[in-house]
Amino acid sequence: MASTKFLLTSQFLGYSSRIDITNLPAGYMVKGSHDVLTNMGDRIACRRGIELDGQANPALTPILSSFDFENHLGYERNLRSYYDVLEYRYVDPVTGAITWNTLKAGWGALVNFQYTTFWDTTELMDVILFVNGSTNVYEWGMGLTTFASATANTITKQGTTTWAEEGFYAAKTGRAVVIDGTTYTYTGGEGTTTLTGVTPDPTAAPHTAGAVIMQAVVTTANSAITGLPAAIGNDLISGLYNQIHIGNRKNHTFYVSKVNNYKDFTFTTPVRKPGEGSLITLDFCPVVFIPQEDTMYVSAGKSAWYITAYTLTSDGVNETLNIKRLKSGLFGGAQSADFVTSDKNNVVFLSNEPVVTTLGRIELVEQPQTVDISDPIKKDMLDYDFTGGSMKYHQRYYYIAIPKNGTYIVYNIIKGYWEAPQTGAFSRFSIIGGELYGHSSVVPETYKLGVGGNDNGAPISAMAAFAYNNHGDRADNKSFNEFYNEGYISSNTKLNLGIMYEYKGADGQYSATIDGADLKYILDANSDGSLGKKSFGTYSFGGRGITADETLAPKFRIILTMPKVTYYEYQPTYWSNQIDANWEILAFGPGSTLSTSGNNPIKK
């Protein structure tokens, strides 16, 4: 007897919600899919889990801003804000314990910060500058160390590195450190391990050895910044060529500082000199500044995009700073500064349409061009409420947080398609130590993504629902009673398969379970792929994990048998809902033949 010929699907094409799910190629995932991703081996896999980073905090106050930066000393600094608190991430140098500590509190409602970095040419160090809509610019030098001892007017740090080597200010007027909430100014000793000229007396409030010492935040009022209006709130900030750009969301004018001096925005009139500040007036109020290549991209109003351009006069004495408006459609501007990111080639943003759009140079085209990439998920985009969300680029993926819907979406740049939606109430993303983290939109907590097989102790519900398949033949009635499945599965995992015959299961449904412990169908029975022996750490969150055989769970190959049902199209769905599930789909499909009844059931 001749063997059955199976019609297999083994090329996966991402996720789509726009095209009719009965008219897509079989390798597409469709509505209902969630928490699965394409990995480096082009397999569909259950995503990895999340793990709390630092301490838990049950307060119902979402994270509203975040920022990540590695300074000139190689120290990484990560900030987050919520309620009226700005915090920094701290890793204990002895125990490795992670905490999020208060950098400064008492901001009131003004904690949706915008951040940038600046090279202080006097201190010869990186600093973080940030604004929050107030008439101030805030600066943090990023210095962190631990307390050893103190006298009435000195503070000694632990370790042999000097204060300056740990990134503390050495020349700034009124420089100060904070220990256990108390602020101390100092006047010298930065080149040693002991600060001198300390006030008030640090022995008056005894500090224990190992207490964290941080550089105090410096506040500079607009009134102390030359050329910056004293009464206009600073909503936006960014930097290019060590010139700071500041704008207000309700004012058409934005301000550019002198090179190397963010406290001076003045310039010569009528002809501006190189390196001076500038003042630029737009057609609309600015929404975001983001540097790319040698220009600052500016989105304004609901629809407009601009780029800046510096041009020296022929004699090299004077310089113009011009603004050029780019082509953009109605509502083609960025929704907010939080919904803008960049990769090495493009600025990427969520427009007011809403559409996810790349803005960058195309080969042989001089002016930057926009390309809409969210059309395949247009229906989802129209259903989402993007309030309080954000966007981040990381390792060839765009991540978009949509907290109101409790989800985030992922665009796979390498494949050029969208992954299935992911479950997670995040408001912001961070890149910490090269890994992706999510900041909660519900409580002031941060989570590392792509860790282990559970969501901080809870099971992961994952589903891959594929498009209806008619094998390229919509009009002929077919049948099968065998269904082939191939992939990888750990011994602790139970993977469910569901099949709907005809649209929404009009002609019936079938379900079965593939058990990773059933050795009859496992091709590597001597290798246990459970979590205790096959680490999830070898798989990255975005599905880009190592694909060498030793990192995979055992392979399975199984043909499921079922009663024969006639159909014109069918929809297969794989799913699991458990802790430590570990499965990947490589190929599937039925042993389908034309039905002996032909098309009589639908003839009139």
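Atom OG1 of Thr117 sits about 14.5 Å away from atom CZ of Arg77, to the nearest 0.5 Å. Rounded to the nearest 0.5 angstrom, Ile155 CD1 and His207 NE2 are separated by 6.5 Å. The distance from atom OG of Ser238 to atom CD of Gln114, rounded to the nearest 0.5 Å, is 9.5 Å. Taken to the nearest 0.5 Å, the CZ atom of Phe429 stands 6.0 Å off from the CG atom of Leu436. With rounding to the nearest 0.5 angstrom, the OG1 atom of Thr446 is 8.0 Å from the CD atom of Glu87. Distance check: Tyr88 OH to Asn78 CG gives 12.5 Å after rounding to the nearest 0.5 Å.
For the side chain to side chain contact (heavy atoms under 4.5 Å, CB included) with Asn234, the lone residue among Leu129, Asn248, Asn132, Leu228 that qualifies is Leu228. Applying the ring pair (Phe, Tyr, Trp, His ring centres under 6.0 Å) test between Tyr138 and each of Phe118, Tyr262, Trp107, Tyr115 identifies Trp107 as the sole match.
Listed by first and then second residue, the ring pair (Phe, Tyr, Trp, His ring centres under 6.0 Å) pairs that reach into residues 278-301 are Phe254-Phe289, sequence neighbours excluded.
Residues Thr61 and Tyr82 share a closest heavy-atom pair of OG1-CD1, 3.5 Å. Contact record, Arg175 with Glu190: NE-OE2, 2.7 Å, taken as the closest heavy-atom pair. Counting all heavy atoms, side chain and backbone alike, Val317 lies closest to Pro274 at O-CD, 3.0 Å. Contact detail for Gly277 and Lys258: the closest heavy-atom pair is N-CG, 3.6 Å. Taking each heavy atom of Leu86 and Ser81 in turn, the nearest pair found is CD1-CB, 3.9 Å.
Taking the centre of each ring, Phe130 and Trp140 stay at or above the 6.0 Å mark. The ring of Phe265 has its center no closer than 6.0 angstrom to the ring center of His245.
Side-chain atoms of Thr162 come within 3.5 Å of backbone atoms of Glu165 as a donor-acceptor pair (strictly under, hydrogens ignored). Between the side chain of Arg249 and the main chain of Pro286, no donor-acceptor pair closer than 3.5 Å is present. At least one donor-acceptor pair under 3.5 Å links the side chain of Asn71 to the backbone N or O of Tyr75.
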Quiz item: Passes side-chain contact (heavy atoms from CB on, under 4.5 Å), Tyr310 versus Asn322? Steps please.
Solution: CA-CA 7 Å; Tyr310 293 87; Asn322 297 315; over 6 Å; no
Practice problem: Just do the side-chain contact (heavy atoms from CB on, under 4.5 Å) check on Val298 and Ile307 with the steps written out, would you? | Solution: CA-CA 6 Å; Val298 182; Ile307 56 173; over 6 Å; no
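The number of heavy-atom neighbours closer than 6.0 Å to NZ of Lys172, taken from other residues, nucleotides and ligands shown, is above 12. Tyr83 OH: 12 or fewer foreign heavy atoms inside a 6.0 Å radius.
With 3.5 Å as the limit, one finds a donor-acceptor pair spanning the side chains of Glu419 and Asn412.
You'll find the side chain of Ile213 stays beyond 4.5 Å of the side chain of Val178, heavy atoms only. Taking the side chain as every heavy atom from C-beta outward, Ile246 and Ile225 never approach each other to under 4.5 Å.
For the pair Arg89 and Tyr437, the cation sits on the ring face: its NZ or CZ lies under 6.0 Å from the ring centre, inside 45° of the axis.
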